[in-house]
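Lettering of chains follows the sequences in order, A, B, ..., and the numbering in each one begins at 1.
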Number of protein chains: 2
Amino acid sequence: MKKKVTLLDVAQAAGVSPSTVSRIVAGTARVSEKKRQQVEEAIQQLKYQPNLVAKGLVQGRTLSIGVLTQDIASPFYGAALLGIQEALRGTEYVPVFMDGHWKPEDEALALQRLIGRVDGLIIMGGHLEGKSLSALAESMPIVTIGRTIPGFEQHCATVDNYAGARNLVRYLFDLGHRRIAHISGPDDHVDARERLRGYYDAHKDFGMDIDPKLVVQGDFQEASGSLAVATLLESRTLFTAIFAANDQMAYGARLALYRRGIRVPEEVSLVGFDDTRNSEYMMPPLTTVRQPMHELGLSAATALLKMLNDEEVQLEKITPQLVIRESAARAR
Amino acid sequence: MKKKVTLLDVAQAAGVSPSTVSRIVAGTARVSEKKRQQVEEAIQQLKYQPNLVAKGLVQGRTLSIGVLTQDIASPFYGAALLGIQEALRGTEYVPVFMDGHWKPEDEALALQRLIGRVDGLIIMGGHLEGKSLSALAESMPIVTIGRTIPGFEQHCATVDNYAGARNLVRYLFDLGHRRIAHISGPDDHVDARERLRGYYDAHKDFGMDIDPKLVVQGDFQEASGSLAVATLLESRTLFTAIFAANDQMAYGARLALYRRGIRVPEEVSLVGFDDTRNSEYMMPPLTTVRQPMHELGLSAATALLKMLNDEEVQLEKITPQLVIRESAARAR
DNA sequence: TTGTATGCGTTATCAA
DNA sequence: TTGATAACGCATACAA
């Protein structure tokens with residue numbers, strides 16, 4: 001470890017006061033050209049690197065923002081993280097990622113770690129109840145993706161899961177499907193519930209009843225998609241299409257179908273939700289609903305940055321787009 | 001924003017000196033049970049939260065570690081991040097992730113941001129040359145995953161890409177394949193070069209020459225896998241198996257094959273490298289070489305933590321395991 | 001065992 | 001435009 005060179009060293013080397021150096025580095029005030037030259041030269045020579053911790057202490061901030069995800073290894077969250085990084089690029093801020101693993105305890109723990117170490121928070125998904133969220137939002141700048149904070153709606157970038165699902169299922173109806181199975185997500189998951197509701201209401205739109213046997217619950221993981229198909233098949237319920245509540249479960253379903261020699265989309269159509277990175281490379285490419293996670297991450301982070309800068313922000317609810325590929329076809 | 005309660009406030013409330021409070025919070029010295037009670041009570045009541053920035057300043061550390069990846073949204077890196085988080089759990093440290101996007105400029109930028117804000121670094125992949133890495137490693141604790149720092153081999157968790165590839169190709173030979181195509185990775189990428197070398201030497205092992213037309217270069221992304229298959233097919237070179245240098249390209253290749261009605265593994269066998277999350281759900285499930293990224297992340301972070309604690313560490317080169325699934329079969 | 005005093009590296013306040 | 005000087009919140013050497 002080399003000895004650290006501080007602002008004071010630079011000041012001495014350049015023959016000016018520390019405050020002058022500080023002003024130059026931060027660009028907060030006008031300084032004579034001559035001194036600027038000297039100081040910058042000294043900075044070069046000494047390879048001065050400002051100590052951000054000290055800066056943080058005096059300014060009462062950490063220059064970092066916290067990001068709470070639920071599964072950092074999933075391409076779904078990954079895309080958002082990319083967007084967040086993009087927004088942070090060129091700023092002084094750095095992201096600290098913590099994962100809730102979809103488990104309330106872990107989520108609480110992660111939050112615990114984050115609070116006090118970051119200037120603002122981006123929260124994605126999770127089980128944290130509205131009240132806690134609101135309380136948190138009182139005490140520090142927070143934006144969410146895919147969740148709503150009661151009383152702070154303008155700080156929440158949400159996706160209209162209901163409309164997305166409803167449109168998707170209507171699309172299947174338009175293709176002539178009448179027996180559409182649904183692999184739902186966990187029922188304590190808002191997004192999952194909303195998608196289920198969209199599925200129901202699309203049926204209503206077409207004046208159809210729903211056979212309860214057609215909806216099987218999964219957990220948003222691939223394996224549960226496979227399992228759900230097995231359940232569906234064993235129940236001997238007729239269906240010509242499957243709507244998986246997310247793409248990961250659709251992959252699992254796809255594999256299960258393949259195992260049984262059921263062709264997609266010739267024999268059954270299969271659609272998902274999210275438009276995860278791999279969906280384009282599923283066989284056949286998956287028809288799904290696109291959640292623009294990259295954009296959401298980008299705009300959430302941008303908004304948070306503004307909030308940290310005491311600006312007003314207004315995030316909105318967006319309706320995700322249908323992405324038509326090849327896994328759904330006209331019903332036989 | 002509420003007024004912050006500091007250690008001083010606690011001290012006053014408890015009627016003791018600040019240093020006593022500090023000692024109790026940090027647990028660095030024995031304190032009489034009575035005062036401890038008082039102080040802890042005061043902490044509870046005031047909801048005192050230590051300011052980590054101040055702590056960091058006085059101790060000369062940041063209590064965070066930097067993680068440099070190349071594509072945070074890829075399941076490949078994601079698994080490692082999960083491992084890193086697992087290792088950090090229960091410690092005071094928090095991870096700061098930055099992405100190099102496989103681009104030297106971005107990588108340099110990311111590193112720039114990280115240095116000075118973190119106590120140690122985990123570097124995964126990337127283009128940074130050995131000398132720079134070594135220089136960096138002189139100045140701060142660094143461990144790498146998948147790369148070697150000249151002079152600091154014990155701080156590098158590496159995977160024997162060469163052996164992995166060679167074993168994999170030999171497995172194909174054992175299945176009777178003699179015309180094995182290779183979709184290679186970028187040639188400025190060490191891992192890619194090593195895998196190519198394994199491919200070559202497996203041929204040598206079986207006394208076979210290589211038809212240069214059989215190796216097509218990709219860029220580790222899905223699309224390049226599709227493209228490579230097109231190139232291969234157009235060149236009218238005969239092959240009964242394809243070894244893609246990573247799973248992502250294998251997915252692309254798989255889709256291209258499907259498009260042309262070529263069955264896997266009946267007509268051509270397809271294998272990849274990495275064992276990414278989705279490979280198990282490819283159709284058919286992909287035979288590949290497993291890089292234990294989760295474990296690598298875990299052990300790298302654990303090692304870094306030890307280094308930060310002035311302990312010696314010794315990371316090792318591991319040989320990745322062949323994962324036999326269904327995408328490769330006996331040659332016709 | 002406890003308290004006092006000092007310093008970590010920076011920004012901000014106030015004079016000059 | 002510049003320079004002293006006082007914070008920022010905590011840990012620690014030293015004294016008691």
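Arg113(A) is linked by a salt bridge (Lys or Arg N to Asp or Glu O under 4.0 Å) to nothing, counting only residues two or more places apart in sequence or in another chain. For Asp71(B), the salt bridge (Lys or Arg N to Asp or Glu O under 4.0 Å) partners at least two apart in sequence or on another chain are Arg277(A). The side-chain hydrogen bond (donor to acceptor under 3.5 Å, both in side chains) test applied to Ser19(B) returns Ser17(B), not counting sequence neighbours.
Looking at heavy-atom distances under 4.0 Å, Val16(B) makes contact with sugar-phosphate atoms alone, never a base.
Within residues 35-43 of chain A, the residues having any heavy atom under 4.0 Å from DNA chain D are, by residue number, Lys35(A).
The ring pair (Phe, Tyr, Trp, His ring centres under 6.0 Å) analysis of residues 99-148 of chain A, with sequence neighbours excluded, yields the pairs Trp102(A)-His189(A). For residues 114-133 of chain B, no residue pair satisfies the salt bridge (Lys or Arg N to Asp or Glu O under 4.0 Å) rule, not counting sequence neighbours. Residues in residues 79-95 of chain A take part in these salt bridge (Lys or Arg N to Asp or Glu O under 4.0 Å) pairs, two or more places apart or across chains: Lys55(A)-Glu92(A), Arg61(A)-Glu92(A), Arg89(A)-Asp106(B). For the salt bridge (Lys or Arg N to Asp or Glu O under 4.0 Å) condition, no pair includes a residue of residues 72-81 of chain A, sequence neighbours left out. Within the structure, no pair that satisfies the ring pair (Phe, Tyr, Trp, His ring centres under 6.0 Å) test touches residues 41-83 of chain A, not counting sequence neighbours. Legend: salt bridge (Lys or Arg N to Asp or Glu O under 4.0 Å) pairs involving residues 36-46 of chain B, not counting sequence neighbours, sorted by first then second residue: Arg36(B)-Glu40(B).
The nucleotide range of DNA chain C contacted by chain B, defined by atoms under 4.0 angstrom from heavy atoms of the protein and reported 5' to 3', is dT1(C) to dG9(C).
The neighbour count for Gln112(A) CD, taken as heavy atoms of other residues, nucleotides or ligands under 6.0 Å away, does not exceed 12.
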**Message:** Treating primed atoms plus P, OP1 and OP2 as sugar-phosphate and everything else as base, which nucleotides of nucleotides 5-16 of chain D get B, S or - for protein heavy atoms under 4.0 Å?
**Reply:** --BBBBBB----
